[in-house]
Peer 1: 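The following block contains the structure, expressed as structure tokens.
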Amino acid sequence: MDGKRRTDRAMRVEDFRGEAAEVIARHAELDPEAVDRMLTMPPKPDMGDFAFPCFTLAKKLRKAPPVIAKEIAEKASADLDLLCGAQAAGGYVNLSVDRTRFADAVLREAASAGEAYGTCADGTGQTIAIDYSSPNIAKPFHVGHLRSTIIGGALVRIFEALGYEVVGINHVGDWGTQFGRQIVGLKRFGKPEDADDLMSLNRLYVQFHEAAESDRELVEEAREWFRRQEAGDQVALALWRRIRDTSLDYFKRIYDRLGVRFDSYTGESFFNDKMDVVIEEVRAKGLAEVSDGALIIDLSEEGIDTPALLEKADGTTLYLTRDVAAARYRHDTYGCDRIVYVVASGQSLHFKQLFTVLKRLGHPWAKDCVHVNFGLVQGMSTRKGNVIYLEELLDEARERALAYMQGEIEKRLELEDEETVAEAVGIAAIFFADLSKQRIKDYRFDWDLAISFDGDTGPYLMSAHARIAGILRNCGLDPDPDADVSPLVEPEAHRLVSLVARYPGVLREAGRLYEPSVLANYLLELARGLHASYTVLRVKGEETGKAQARLLLFTAVKQVLRSGLTILGIRPLERM
RNA sequence: GCGCCCGUAGCUCAAUUGGAUAGAGCGCCAGACUACGGAUCUGGAGGUUGGGGGUUCGACUCCCUCCGGGCGCGCCA
């Protein structure tokens with residue numbers, strides 16, 4: 001066996017799986033790539049690191065799967081290098097890695113990549129535009145917009161980690177009759193300087209709606225203001241611009257608090273002068289027909305019963321028209337290979353129509369438009385009432401985090417800034433409650449479940465990170481990046497090494513499925529693996545070789561937690 | 001009425017996309033510490049995966065059907 005040992009070069013983590021696939025392929029007479037696709041993981045770690053199911057071979061070989069597994073396992077056993085065992089178990093061949101060499105490869109790779117561990121270059125040269133958050137301004141930022149912001153922000157960072165150029169777009173709703181209402185509210189009930197303060201604007205907006213209940217004239221007046229806006233009236237536009245700026249400033253402060261950034265705020269108003277082209281083109285290509293006075297495209301051939309409505313009977317355009325213009329603009333401006341829309345499931349039909357219309361218009365990139373949909377959130381209310389605004393929600397999260405920290409935690413740590421920690425914990429609670437579930441599902445938000453430091457929560461993950469930080473800080477050793485890993489013999493250590501090794505694949509999977517929960521659930525597993533091991537794998541007081549090996553492992557775990565939490569939008573603190 | 005989506009432990013969610021005995025957390029019960037952060041860990045109880053058919057060596061996963069829930073269905077966005 002010595003002749004084919006790969007000690008002449010550094011082993012890479014993929015080499016272990018590669019060898020598993022090759023060995024099986026050789027003895028099962030299959031293509032290594034096909035075998036690689038079939039490899040899974042055994043249900044329990046002590047059964048091995050890779051599993052090959054023999055069931056599909058049964059028909060071909062006319063033998064029972066357990067017999068085949070036994071034959072392959074026997075032949076493979078004599079033919080291993082990086083792997084150190086092949087056992088048949090039922091219809092499976094289970095393969096185990098040489099744990100020392102595996103730990104060496106994994107931890108060496110994590111150490112040399114540092115903060116970049118887990119990232120890859122899959123997306124090099126490709127651009128993805130992600131449309132997310134996209135609230136209606138001149139209305140308060142309702143929690144309904146929160147989910148898009150949280151999921152979209154996570155997807156931006158996931159795709160950046162995968163090497164893509166990402167353009168974050170906030171398609172703000174900054175045009176529409178709500179501005180007319182806002183202007184009337186301001187004119188009738190407010191002072192001119194109220195236009196510069198969002199709280200005043202909110203108050204006036206509510207006041208408008210209350211008054212409009214009994215006075216229909218107000219509604220007509222609002223329509224008139226919006227008509228003037230659309231007609232290019234300078235007075236109306238100046239008011240609109242002022243209200244818009246006030247709102248956008250406020251939104252940007254909230255985004256700052258949430259840690260999300262946008263590359264573009266080109267919203268609805270931006271496309272006002274870009275929709276005539278769309279209508280003309282649709283007409284010129286003979287795609288459209290007039291129905292009840294409106295311009296529609298029949299999509300029944302594509303199995304969509306509801307036609308796409310592009311122009312109302314009164315000649316004005318619609319949501320869909322604007323999205324067609326926006327998609328073309330984005331494609332032309334950013335040269336993006338993909339446009340991702342992070343919008344609630346309720347708009348599935350709209351996006352089906354949009355993508356089909358783009359296809360009909362002859363855009364080959366229509367097939368690369370994706371609606372990343374998500375379900376409803378229930379129960380996200382504050383103590384003050386049902387209709388909550390995002391800022392109130394964040395404040396309440398911070399208060400609850402602070403109360404939890406002061407009430408439940410017996411051993412207090414000296415923190416320079418408790419408020420900062422509470423703010424980070426509150427946001428972690430809200431973000432993680434959202435990101436740990438498959439996005440398509442509706443879910444019920446529960447303060448007590450989310451804010452707790454025990455269980456599957458954001459704060460729990462933060463505490464795992466802070467705990468490792470504590471170990472590294474207090475162990476009294478300078479980490480040695482070249483430490484020998486052979487003392488890492490415990491099953492707990494191997495479990496952690498395997499988890500660290502999985503991280504790059506987890507990011508890829510999260511990106512492939514547009515599913516941050518893949519990452520969130522993996523991080524929980526990692527944190528649990530850490531907590532289950534840290535009494536066994538002590539660093540302080542151990543002899544140097546063992547201590548350094550464990551330190552190397554913990555450093556890698558900390559890096560992964562840090563990276564993963566940051567991608568989810570949670571701040572990994574050193575102390576909390 | 002039609003279309004799309006969701007039903008997994010008391011509760012909140014997983015299950016490597018068709019693989020092994022369906023796993024975690026919360027809650028409940030029983031244990032473990034002078035602790036590199038107990039904000040923890042180790043056990044236990046708890047399941048006809050909404051019901052019924054089908055496909056397959058194998059189904060929580062795919063197909064059909066029924067039940068329950070959510071969302072949507074041309075001049076809002």
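Below, read A as the first sequence line, B as the second, and so on, with proteins coming before strands; counting in each chain starts at 1. When reading the values below, keep in mind they use all heavy atoms of this one structure, side chains included, and skip hydrogens, waters and symmetry mates.
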Peer 1: Toward the 5' end of RNA chain B, which comes first, A:K312 or A:S463, by nearest nucleotide?
Peer 2: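 By nearest-heavy-atom nucleotide position, the 5'-most residue is A:S463.
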
Peer 1: Separation of A:I468 atom CD1 from B:A35 atom P, in whole Å?
Peer 2: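 Rounding to the nearest Å, CD1 of A:I468 and P of B:A35 are 20 Å apart.
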
Peer 1: Send over the distance from A:R528 CZ to B:A14 C1', rounded to a whole Å.
Peer 2: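 That distance rounds to 9 Å.
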
Peer 1: Please work out if A:E311 contacts a base, only the sugar-phosphate, or nothing of the nucleic acid, heavy-atom cut-off 4.0 Å.
Peer 2: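 Nothing, no heavy atom under 4.0 Å.
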
Peer 1: Using heavy-atom distances to pick each residue's nearest nucleotide on RNA chain B, tell me which of A:T317 and A:L309 is more 5'.
Peer 2: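 Final value for this comparison: A:L309.
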
Peer 1: B:G37 P sits how many Å from A:D454 CG, rounded?
Peer 2: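 Whole-Å distance recorded here is 18 Å.
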
Peer 1: Could you check whether A:S291 gets within reach of a base, just the sugar-phosphate, or nothing at all, counting any heavy atom under 4.0 Å?
Peer 2: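 Base, at least one base atom sits under 4.0 Å.
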
Peer 1: In residues 507-514 of chain A, which ones come under 4.0 Å of RNA chain B, going by heavy atoms?
Peer 2: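 Residues of residues 507-514 of chain A under 4.0 Å from RNA chain B: A:E509, A:R512, A:L513.
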
Peer 1: Select one nucleotide: of B:C75, B:C36, B:U12, the one nearest the side-chain heavy atoms of A:N474.
Peer 2: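 Among B:C75, B:C36, B:U12, the one nearest the side chain of A:N474 is B:C36.
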
Peer 1: Along nucleotides 2-9 of chain B, 5' to 3', which nucleotides get a B, which get an S, and which get a -, given that the test is a protein heavy-atom distance under 4.0 Å?
Peer 2: ---SSS--

Peer 1: Would you write the dot-bracket representation of RNA chain B, where each base gets (, ), [, ], | or . depending on whether it forms a Watson-Crick or G-U pair under 3.5 Å and with which partner?
Peer 2: (((((((..((((.....[...)))).(((((.......))))).....(((((..]....))))))))))))....

Peer 1: Is the terminal nitrogen or CZ of A:R467 (NZ for Lys, CZ for Arg) located under 6.0 angstrom from the six-membered ring centre of A:Y534 and within 45° of that ring's axis?
Peer 2: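 Yes, a cation-pi geometry holds between A:R467 and A:Y534.
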
Peer 1: With respect to the side chain of A:L318, which nucleotide from B:A77, B:C36, B:A24 is positioned closest?
Peer 2: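 Of all the options, the side chain of A:L318 is nearest to B:A77.
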
Peer 1: Take atom NE2 of A:H350 and atom P of B:C75, then tell me their distance rounded to the nearest Å.
Peer 2: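 To the nearest whole Å, that distance equals 14 Å.
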
Peer 1: Just call it for A:R322: base, sugar-phosphate, or nothing, with non-hydrogen atoms closer than 4.0 Å on any strand.
Peer 2: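 The answer is nothing, as A:R322 stays clear of every strand by at least 4.0 Å.
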
Peer 1: In this structure, how many angstroms lie between the C1' atom of B:U16 and the CG atom of A:L519, rounded?
Peer 2: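 Roughly 15 Å, once rounded to whole Å.
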
Peer 1: Would you kindly give the NZ-to-C1' distance between A:K44 and B:A20, to the nearest whole Å?
Peer 2: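 Spelled out: NZ on A:K44 to C1' on B:A20 is 10 Å.
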
Peer 1: With sugar-phosphate meaning primed atoms plus P, OP1 and OP2, does A:T306 contact a base, only sugar-phosphate, or nothing at under 4.0 Å between heavy atoms?
Peer 2: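 Here A:T306 touches the backbone only, sparing every base.
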
Peer 1: Mind checking if A:A344 touches a base, just sugar-phosphate, or nothing, with heavy atoms under 4.0 Å?
Peer 2: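 Nothing: the residue A:A344, judged by heavy atoms under 4.0 Å, touches no strand.
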
Peer 1: Using a distance-only criterion (donor-acceptor N/O pair, under 3.5 Å, no hydrogens), is the base of B:A77 paired with the side chain of A:D323?
Peer 2: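 No such pair is found, so the answer is no.
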
Peer 1: Without decimals, in angstroms, what is the distance between A:F55 CZ and B:G58 C1'?
Peer 2: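 My rounded result for the distance is 7 Å.
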
